[in-house]
**Q** 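My questions will all concern the structure given below.
The chain is numbered in sequence order, starting from 1. We count ligands from 1, going down the list as the structure has it; atoms in each ligand are counted the same way. Just so you know, these numbers come straight off a predicted model, no measurement behind them.
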Amino acid sequence: VKHLWFTVALCSGVVFWLLLLPVLVLALLTLCGQKDASLVGLASLPLSLYSIPSLWDWNVFAIMLLWLLFQSVLSLLPVGKVVQGMPLKNGKTLKYRINGFYALLLSALAVGVAMYYEVDLTYIHAHFLQFYTSALLVSTLLSTYLFIRSRWAPDHERAPAGNSGYVIYDFFMGRELNPRIKNFDIKFFCEMRPGLIGWLVINFAMLLAEMKHQSLDSPSSAMLLINGFQLLWVADGLWHEEKLLTMMDIVYDGFGFMLAFGDLAWVPFTFTCQSYYLVNHPSDLSVFWIVAIILLNAIGYYIFRKANSEKFAFRRNPYDPALSHLKTIPTATGKSLIVSGLWGLVRHPNYLGDIIMALAWSLSCGFSHVIPYFYLVYLLVLLVHREARDEHQCRSKYGSAWEEYCRAVRYRIFPGLY
Ligand code: NDP
């Protein structure tokens, strides 16, 4: 009976998320796109807004497929170095071509060419809901394909969390770790390319839409800040693409609906909600406020980048003379834990930096509405949950050494607070 209850709770939890997440994004986008972006405004919207023609357009779907094809071709270009991933359960490693930054540059070139030929990028703004539903369909079809093909995945390719035997749960979590078609790694591609680069293209389209709809000669300062900050975040991620190979998503998580929807629908359509919101609510900030926000973003970026790069360099070569100043705690596994500098301030300084940047992005949009704070709240929830997951894994990996680290570095993310 206990087992039955556990099964029911597990599967109904997943069904809840499967249904809630797509609807949540739809509601957010509907809210963002309104002049009256209040919940009262949302309730009073005509139902025709949710009619099939306003939610679905075959041309938009075709553009979405073209975008995926374009990014796939870029990812296969023989430019950039080829690196080894982390060891799999069978001790072997997979090879990855690192050419994300080139893909970003070529995508920017493609957008430039499109503008030169007077392609109206504000089409993305005008059909934003339809782009979202196309991304939702693509991620659902992709997850179904991944679930079916995972039947034939060898044991060392199976994700620990996605092989419970409960169909719905495994569909959501993903059964296969690194699904590949020849050398094309579907998870690595989806994590970094179509959604992240798409995020920037959407932001730029929103900037043009703001000028068009508000009859402005130049974008509002808030829109410029959002475009600039998020360009920096994505360009940085693609520049350091190789470092993704040590992240939990690549090393531990299976590729199922959760990641496919996250990469292809959640990231490009919720992370852009600030620029989407600004189209109807342009905001010009005082010089003092602009300088203060840029400074806050710079501090967040410094912490985020330094913490991530230091840990990555240390994991690649702990004997690197450039890192000899770091204090460390040895663990029984042979690996050590950094216990000084930023990693001695809190146990997840990289999360702290990310959250500070998210705060700067939200503040750029002012205080008149809660929508621009959606990303900040989401990131807080995500990173606090992620931290708990990581803490659990590290405790079981490193045992007493992890306890010693926790005693030396008391706070998880926020110094003195949490
Ligand atoms: P981390 O890069 O922090 O990786 C955690 C791992 O680092 C641990 O499992 C452990 O692995 C190692 N580690 C932990 N503490 C130490 C230490 N003191 N010394 C050395 N190694 C240590 O986590 P994530 O992969 O979650 O995040 C990477 C970045 O991506 C972060 O900056 C995060 O903010 C960002 N991110 C952003 C998201 C977004 O939506 N904006 C989503 C997810 C992540 P081991 O010992 O095995 O090496």
**Q** Can you tell which part of Trp266 has a heavy atom less than 4.0 Å from ligand 1: side chain, backbone, both or neither?
**A**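 Looking at Trp266 and ligand 1, no heavy atom falls under 4.0 Å.
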
**Q** Show your working on side-chain hydrogen bond (donor to acceptor under 3.5 Å, both in side chains) between Ser275 and Asn203 and close with a plain yes or no.
**A** CA-CA 6 Å; Ser275 60; Asn203 270 354; 2.6 Å; yes

**Q** Looking only at protein heavy atoms, which one is nearest to atom 39 (C) of ligand 1, and what is the separation?
**A**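 Atom 39 (C) of ligand 1 sits closest to the protein heavy atom Leu379 CD1, 3.6 Å.
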
**Q** Side chain or backbone of Tyr378 under 4.0 Å from ligand 1, or both, or neither, by non-hydrogen atoms?
**A** side chain

**Q** Please compare Arg386, Glu391, Gln393 and report which has the shortest non-hydrogen distance to atom 43 (C) of ligand 1.
**A** Arg386

**Q** Closest approach of Leu121 and Ala205, non-hydrogen atoms and distance?
**A**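 Closest pair (atom of Leu121, atom of Ala205, distance): O-CB, 3.4 Å.
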
**Q** Report the part of Leu382 in contact with ligand 1, treating N, CA, C, O as backbone and CB onward as side chain, heavy atoms under 4.0 Å; options are side chain, backbone, both, neither.
**A**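 It is the side chain that gets close, since no backbone atom is under 4.0 Å.
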
**Q** Using 4.0 Å as the upper bound for N to carboxylate O, is an ion pair formed by Glu242 and Arg316?
**A**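 Judged by the 4.0 Å cut-off on N to carboxylate O distance, Arg316 and Glu242 do form a salt bridge.
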
**Q** Which option out of Trp402, Tyr351, Tyr375 puts a heavy atom nearest to atom 33 (C) of ligand 1?
**A**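 Minimum heavy-atom distance to atom 33 (C) of ligand 1 goes to Tyr351.
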
**Q** Please classify the Asn308 to ligand 1 contact at 4.0 Å (heavy-atom distances, strictly less than): side chain, backbone, both or neither.
**A**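 Within the 4.0 Å criterion, Asn308 contacts ligand 1 through side-chain atoms alone.
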
**Q** Of all the non-hydrogen atoms in the protein, which one sits nearest to atom 35 (C) of ligand 1, and at what distance?
**A** Asp354 OD2, 3.5 Å

**Q** Taking the minimum heavy-atom distance to atom 1 (P) of ligand 1, which of Asn350, Ile355, Val267 ranks first?
**A** Asn350

**Q** Please report whether ligand 1 has a polar contact with Ile338, defined as an N or O pair separated by less than 3.5 Å (distance criterion only).
**A**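 Min N/O separation from ligand 1 is below 3.5 Å for Ile338.
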
**Q** Phe312: heavy atom below 4.0 Å from ligand 1, yes or no?
**A**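 Phe312: no contact with ligand 1 (<4.0 Å).
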
**Q** Less than 3.5 Å between some nitrogen or oxygen of Lys335 and one of ligand 1, yes or no?
**A** yes

**Q** Give me the nearest non-hydrogen protein atom to atom 20 (C) of ligand 1 as residue plus atom name, then the distance to 0.1 Å.
**A** Arg315 NH2, 3.4 Å

**Q** Taking the six-membered ring of Tyr96 as reference, does the cationic atom of Arg180 (NZ for Lys, CZ for Arg) lie under 6.0 Å from its centre and within 45° of its axis?
**A** yes

**Q** Within the structure, is a non-hydrogen atom of Met248 found at a distance of less than 4.0 Å from ligand 1?
**A** yes

**Q** Quick check for you: to the nearest 0.5 Å, what is the distance between Leu363 atom CG and Cys365 atom SG?
**A** 9.0 Å

**Q** Say whether Phe314 and ligand 1 are in contact under the criterion: heavy-atom distance to a ligand atom below 4.0 Å.
**A**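 For ligand 1, residue contact (heavy atoms, under 4.0 Å) with Phe314 is absent.
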
**Q** Check the surroundings of atom CH2 in Trp239: do more than 12 heavy atoms from other residues, nucleotides or ligands lie under 6.0 Å from it?
**A** no

**Q** So for Lys243, does at least one of its heavy atoms come nearer than 4.0 angstrom to any atom of ligand 1?
**A**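 No; Lys243 lies far enough from ligand 1 that no heavy-atom distance drops under 4.0 Å.
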
